[in-house]
Number of protein chains: 2
Amino acid sequence: MGAMTKRTARAEPLSRERIVRTAVELLDTAGARKLTFRALTERLATGPGAIYWHVANKDELLAAATDTVVADAVSVEPGAGDSPREAIRSVALGLYEATEAHPWLAAQLAEQFARRPWGSVAPRVFEALGRQVRALGVPESGWFTATSALMHYVFGVAGQNAANTDMAADLPEGETRTEFLEAASRAWEALDPEAYAFTRAVAGQLRDHDDRQQFLAGVDLVLAGIEASVPGAASA
Amino acid sequence: MGAMTKRTARAEPLSRERIVRTAVELLDTAGARKLTFRALTERLATGPGAIYWHVANKDELLAAATDTVVADAVSVEPGAGDSPREAIRSVALGLYEATEAHPWLAAQLAEQFARRPWGSVAPRVFEALGRQVRALGVPESGWFTATSALMHYVFGVAGQNAANTDMAADLPEGETRTEFLEAASRAWEALDPEAYAFTRAVAGQLRDHDDRQQFLAGVDLVLAGIEASVPGAASA
DNA sequence: ACCTGAACACCGTTCAAGT
DNA sequence: ACCTGAACACCGTTCAAGT
């Protein structure tokens, strides 16, 4: 219509922060595979060169996007009256919910943590979980092992559960989580009875489980293992 | 030299199996980012169309490559005299070592398991770990939770440790694992003393830990949590 | 049934040139 | 200091055509 053809909000000047924010939006709405510099330049109404002035490359952009979201998820302070155990559950749940809200996050968490453990993402998660591990009474020599185990569990599960949401936006469409689990469960039931006796026996649990409840059950399980290493404590 | 210019072994005809095997070789030697259809056609001395006749697309090729390697890693039967606990450790260690030998594997495991849990990779791992979980005496209602927790831990750690090897082939070169941990540890020590008190305190453990030993310590920790849910058993 | 290879529709990244 | 946008060197995938 008329002289103004650009439909993008243009008041805000380009900045690293705005680029990262737009990247997160694009990741959330279109999926990881659709985050391209082309799509970004279109949304921001600039050229690729402008983006490269603020951001070194795509890897750095993904790292920054991941960091923003994780910082947000971890920033929720546990309630003052919470036991360490409750605090760990709430930190873990916060990360779990972040991966639900941002289906691309889980894969990026794994990627970031693996490729740049010195980056900002790992310390954030490590710190949030580790403080509560310490409060649990774990001796200092066990801090690293216990916190690592917790973190790996959280990342692992979050990755698996989130991906299905991702698929809905990315691959076949209209498939709900229930249908997805239904299909997976049926596939497990169709496995060879001898070679896959255990997996077949557990197909029903795969079908009926509730993701969040299952996630917390696993956190409790790891917590039980950690608490077993606490000198004075009796098991809850 | 002379009339024979193609240096590739040509006796073997093209087949899905040969394509997958070549893909694994390429992944191992050149890294995940260098596995392209271009590189593949060159090594196999064909055109892309030939590959697409045997394999649907790149995703399927990666799935097949992952499946081969996992099948191999999991195929090692635990010793007849092993306790379930020892058997779990040896299955876990087998997967850990596979990700050490194939640095690209960890990321693919996460990917495969997330995007296609009905695929062949997940059941293989689930079955190998789950049989021992059952042998441990875990009640049936806890099989899924316990096995999932174990598997996620194994994948999580494997991912983190393997990536550094990957980086050596992929990003900056010449960096050894020790130097890598040294740098990460120093970065953790330089964090803000208030916001990152725990992470700073643990920087030394990051620097000094042995990957494999740490991995097994985590497995033991999760095992302790699982055993806490076994009715009759006393803790080891 | 199996393979060829040109072509298509994309990528991330660079860089001379502008303001 | 910040931005433009054409150009470069790639991708995965398709498909008419061959044998």
Side-chain angles (χ1 to χ4, degrees), chain A residues 4-24 26-27 30-66 104 107-108 111-112 115-116 167 170-172, chain B residues 5-6 8-24 26-27 30-66 104 107-108 111-112 115-116 167 170-172:
Chain A
M4 260 186 72
T5 63
K6 294 274 167 67
R7 63 232 145 82
T8 323
R10 57 170 65 216
E12 207 174 345
L14 198 59
S15 68
R16 187 185 158 92
E17 199 227 319
R18 189 154 90 98
I19 293 170
V20 173
R21 200 189 330 132
T22 308
V24 171
L26 224 38
L27 286 163
R33 277 178 176 171
K34 295 286 181 61
L35 176 66
T36 66
F37 276 81
R38 256 75 168 181
L40 222 41
T41 54
E42 212 171 304
R43 275 243 202 178
L44 293 166
T46 36
I51 295 174
Y52 275 92
W53 199 90
H54 294 277
V55 157
N57 50 44
K58 196 178 181 183
D59 278 357
E60 200 201 276
L61 179 59
L62 283 167
T66 305
W104 50 274
Q108 273 308 307
E111 184 97 4
Q112 294 305 321
R115 301 188 90 91
R116 30 168 89 193
M167 284 189 31
D170 213 35
L171 298 177
Chain B
T5 64
K6 292 277 165 69
T8 322
R10 57 167 68 216
E12 206 175 345
L14 198 57
S15 69
R16 185 184 159 93
E17 199 228 317
R18 188 154 89 99
I19 293 170
V20 172
R21 197 187 336 128
T22 309
V24 171
L26 224 36
L27 286 164
R33 277 178 176 170
K34 294 284 182 61
L35 175 66
T36 67
F37 276 81
R38 255 77 168 180
L40 223 40
T41 56
E42 211 170 303
R43 275 242 200 178
L44 292 166
T46 38
I51 295 174
Y52 275 94
W53 199 90
H54 294 278
V55 156
N57 51 44
K58 196 179 181 182
D59 278 356
E60 200 201 276
L61 178 58
L62 282 167
T66 305
W104 51 274
Q108 273 307 307
E111 184 97 4
Q112 294 304 322
R115 302 188 88 91
R116 31 170 86 193
M167 284 189 31
D170 213 36
L171 298 177

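These numbers come from the heavy atoms of this one structure, side chains and all, not from hydrogens, waters or symmetry mates. Please read all numbers here as calculations on a predicted model, not as lab measurements. Below, chains carry the letters A, B, ... as their sequence lines are ordered, and counting in each starts from 1.
- If you take NZ of Lys58(B) and C1' of dC10(C), they are 14 Å apart, rounded to a whole angstrom.
- Going from atom CD of Glu42(A) over to atom P of dC10(C) covers 12 Å, rounded to whole Å.
- Side-chain proximity of Trp53(B) to the nucleotides dC2(C), dC3(C), dT13(C) is greatest for dC2(C).
- Between Tyr52(A) and Thr46(B), the residue anchored nearer the 5' end of DNA chain C, judged by the nucleotide with its closest heavy atom, is Thr46(B).
- Rounded to a whole Å, the CG atom of Leu35(A) is 11 Å from the P atom of dT13(C).
- For dA1(D), neither phosphate oxygen OP1 nor OP2 lies less than 4.0 angstrom from any side-chain nitrogen or oxygen of His54(A).
- Side-chain contact check for Thr46(B) versus Trp53(B): every heavy-atom pair is 4.5 Å or farther apart.
- As rounded to whole Å, 14 Å separates atom P of dT14(C) from atom CD1 of Ile51(A).
- In the set dT4(C), dT13(C), dT4(D), dT4(D) carries the atom at the smallest distance from any side-chain atom of Ala50(A).
- Proximity of a side-chain donor or acceptor of Lys58(B) to a complementary backbone N or O of Phe37(B) within less than 3.5 Å is not detected.
- Contact annotation: the side chain of Leu61(B) approaches that of Leu40(B) to within less than 4.5 Å [non-hydrogen atoms, C-beta and beyond].
- Heavy-atom nearest nucleotides on DNA chain D were determined for Ser15(A) and for Gly49(B), and the one closer to the 5' end corresponds to Ser15(A).
- Taking the side chain as every heavy atom from C-beta outward, Arg16(B) and Arg21(B) never approach each other to under 4.5 Å.
- Residue contacts shown for Leu40(B) are absent, as no nucleic acid heavy atom lies under 4.0 Å away.
- dT4(D) atom P lies 10 Å from atom CG of Leu44(A), rounded to whole Å.
- The nearest whole Å value for the distance from the CG atom in Leu26(A) to the P atom in dG12(C) is 11 Å.
- Within the shown strands, dC8(C) is the pairing partner of dG12(D) under the Watson-Crick or G-U definition, both distances less than 3.5 Å.
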Legend entry - Derivation of the side-chain contact (heavy atoms from CB on, under 4.5 Å) call for Trp104(B) and Val24(B): CA-CA 9 Å; Trp104(B) 51 274; Val24(B) 171; 4.2 Å; yes
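- dA16(D) and dC3(C) have their C1' atoms separated by 13 Å, with the value rounded to a whole Å.
- As a whole-Å value, the separation of Leu62(A) CG from dC11(C) P is 15 Å.
- Taking atom CZ on Arg16(B) and atom C1' on dC3(C), their separation rounds to 18 Å, with Å as the unit.
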